[in-house]
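Counting from 1, the numbers follow the sequence of the chain as shown. The model shown is predicted, which means the values in this text are computed figures rather than measured ones.
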Amino acid sequence: MPAQTLRGNIAAIVRDRLGVAATYAHAAKQVTPGDPIASESRLLKWYAVYPGDRPIPAEISSLARHPLESGALDVEGLGFVVLHRCGGDFYFLIVATWRNENELWETVWYKDGDNMTSFEPFVRDTQHLPTFCVWELVPVWHEQGAWVRFLQSHREVPDVETWCEDLYSGVA
């Protein structure tokens with residue numbers, strides 16, 4: 001593709017299809033690990049992602065943990081959870097497990113303010129779907145590295161314990 005055509009295409013995308021509102025101002029968020037969710041069938045690390053001045057309330061974390069601790073969301077194996085405070089009172093609960101050696105599978109639940117008393121499945125029924133936002137990718141990237149380190153280990157109980165303790169905490 002000639003450079004002039006490419007530049008014209010880029011200009012059209014920036015003008016009409018960038019997907020970023022002109023008023024958007026990006027800000028960092030905080031990532032904090034929490035207590036894992038553990039049972040005989042699963043071990044899930046826990047991450048909270050939130051604006052630094054608005055931590056996730058304990059009652060919201062408890063509501064988010066409930067589907068996993070009660071078995072309403074039945075996932076097995078090793079993985080992690082990201083509870084993301086997106087806006088004022090909108091939360092995503094992303095549950096990811098490792099499958100087929102190197103695949104990350106996910107289930108997404110959400111809670112939208114006080115009009116929802118619990119987390120519910122986030123229905124996605126279109127072809128082109130959202131996955132992770134820039135803040136959620138920070139613990140995801142960390143977990144990708146932790147999983148590779150685990151895959152390169154002997155994959156025995158001490159290696160799972162090491163994997164479980166390999167957590168990210170910091171700025172996203």
Side-chain angles (χ1 to χ4, degrees), residues 29-52 54-125 129-172:
K29 290 191 178 185
Q30 186 66 36
V31 178
T32 304
D35 292 334
I37 304 265
S39 73
E40 290 182 9
S41 63
R42 68 181 156 267
L43 177 55
L44 304 172
K45 298 178 188 183
W46 186 272
Y47 290 100
V49 176
Y50 54 91
R54 289 189 332 242
I56 297 172
E59 60 271 14
I60 297 294
S61 292
S62 180
L63 277 175
R65 294 175 75 86
H66 185 266
L68 289 157
E69 293 173 339
S70 71
L73 179 54
D74 188 21
V75 296
E76 296 181 342
L78 301 176
F80 59 94
V81 175
V82 176
L83 176 58
H84 181 192
R85 184 175 199 166
C86 300
D89 289 315
F90 187 93
Y91 299 87
F92 274 121
L93 175 65
I94 302 165
V95 182
T97 57
W98 295 104
R99 293 281 183 261
N100 300 326
E101 293 84 34
N102 57 17
E103 296 175 358
L104 188 60
W105 288 33
E106 73 171 356
T107 301
V108 180
W109 287 38
Y110 77 109
K111 182 179 182 318
D112 188 4
D114 292 336
N115 59 341
M116 293 179 71
T117 59
S118 63
F119 279 80
E120 300 293 333
F122 188 68
V123 178
R124 301 181 293 174
D125 57 0
L129 301 171
T131 57
F132 301 103
C133 74
V134 294
W135 298 291
E136 295 158 357
L137 280 170
V138 172
V140 171
W141 285 330
H142 175 83
E143 287 303 315
Q144 182 273 345
W147 189 249
V148 168
R149 290 186 287 280
F150 173 73
L151 291 176
Q152 293 171 338
S153 74
H154 294 288
R155 298 188 296 276
E156 296 178 354
V157 171
D159 303 309
V160 173
E161 291 169 342
T162 298
W163 168 84
C164 188
E165 294 169 1
D166 188 348
L167 299 165
Y168 177 81
S169 179
V171 175

Student: Using a 6.0 Å cut-off, check whether atom CD of E103 has over 12 heavy atoms from anything other than its own residue.
Tutor: yes
Student: With a 3.5 Å distance limit and no angle check, can you tell me whether S62 reaches the backbone of A58 through a side-chain donor-acceptor pair?
Tutor: no
Student: Do H84 and C133 have side chains that approach each other closer than 4.5 Å (heavy atoms only, starting at C-beta)?
Tutor: yes
Student: Sequence neighbours left out, what passes side-chain contact (heavy atoms from CB on, under 4.5 Å) with V134? Give chain and number order.
Tutor: H26
Student: Side-chain contact, heavy-atom cut-off 4.5 Å: F119 with L83?
Tutor: yes
Student: What's the shortest heavy-atom distance between V75 and R42, and which atoms?
Tutor: O-NH1, 3.1 Å
Student: Start with the C-alpha gap between L78 and F150, add the side-chain angles, then the distance that decides, and say whether side-chain contact (heavy atoms from CB on, under 4.5 Å) holds.
Tutor: CA-CA 11 Å; L78 301 176; F150 173 73; 4.2 Å; yes
Student: Nearest 0.5 Å please: distance from the CG atom of D159 over to the CD atom of Q152.
Tutor: 11.5 Å
Student: Locate the shortest heavy-atom distance separating P36 from R65; write the atom from each residue and the value.
Tutor: O-NH2, 3.2 Å
Student: Find the distance between NZ (K111) and OG (S118) and round it off to the nearest 0.5 Å.
Tutor: 8.0 Å
Student: Below 4.5 Å, heavy atoms only, C-beta onward: do Q144 and V140 meet side chain to side chain?
Tutor: no
Student: Just one of V82, V49, L167 clears the side chain to side chain contact (heavy atoms under 4.5 Å, CB included) bar with V31, so which one?
Tutor: V49
Student: To the nearest 0.5 Å, how far apart are CH2 in W109 and CG in L63?
Tutor: 11.5 Å
Student: Determine whether D35 and W46 make a side-chain contact, defined as any pair of heavy atoms from C-beta on separated by less than 4.5 Å.
Tutor: no
Student: Hey, what do you get for CD (E136) to OG1 (T131), rounding to the nearest 0.5 Å?
Tutor: 8.5 Å
Student: Show me, pair by pair, the donor-acceptor contacts under 3.5 angstrom made by side chains of residues 85-98, not counting sequence neighbours?
Tutor:
{"unit_1": "R85", "atom_1": "NE", "unit_2": "G88", "atom_2": "O", "d": "2.8"}
{"unit_1": "R85", "atom_1": "NE", "unit_2": "Y91", "atom_2": "OH", "d": "3.3"}
{"unit_1": "R85", "atom_1": "NH1", "unit_2": "R54", "atom_2": "O", "d": "3.3"}
{"unit_1": "R85", "atom_1": "NH1", "unit_2": "P55", "atom_2": "O", "d": "2.9"}
{"unit_1": "R85", "atom_1": "NH2", "unit_2": "G88", "atom_2": "O", "d": "2.7"}
{"unit_1": "R85", "atom_1": "NH2", "unit_2": "D89", "atom_2": "OD1", "d": "3.4"}

Student: Would you say Q30's side chain and A172's backbone share a donor-acceptor pair under 3.5 angstrom?
Tutor: no
Student: After noting the C-alpha distance and the side-chain angles of S153 and T162, does the key distance pass the side-chain contact (heavy atoms from CB on, under 4.5 Å) rule?
Tutor: CA-CA 10 Å; S153 74; T162 298; over 6 Å; no
Student: Any idea how W163 and W147 line up, ring-wise: parallel (<30°), tilted (30 to 60°), or perpendicular (>60°)?
Tutor: perpendicular
Student: Nearest 0.5 angstrom please: W105 CH2 to R99 CZ, how far?
Tutor: 7.0 Å
Student: When you look at Y47 and V138, which way does the side-chain contact (heavy atoms from CB on, under 4.5 Å) test go after all the steps?
Tutor: CA-CA 10 Å; Y47 290 100; V138 172; over 6 Å; no
Student: Is atom CG of D114 surrounded by more than 12 heavy atoms (other residues, nucleotides or ligands) closer than 6.0 Å?
Tutor: no
Student: Please enumerate all residues that pass side-chain contact (heavy atoms from CB on, under 4.5 Å) together with E165, with sequence neighbours excluded.
Tutor: none
Student: Just wondering, do F80 and L104 contact through their side chains at under 4.5 Å, heavy atoms?
Tutor: yes
Student: Side chain to side chain contact (heavy atoms under 4.5 Å, CB included) with P67: which of D74, L73, T107?
Tutor: L73
Student: Would you check, one step at a time, whether the test side-chain contact (heavy atoms from CB on, under 4.5 Å) holds for V108 with F132?
Tutor: CA-CA 10 Å; V108 180; F132 301 103; over 6 Å; no
Student: Between the side chain of H142 and the main-chain N/O of D166, is any donor-acceptor distance below 3.5 Å?
Tutor: yes
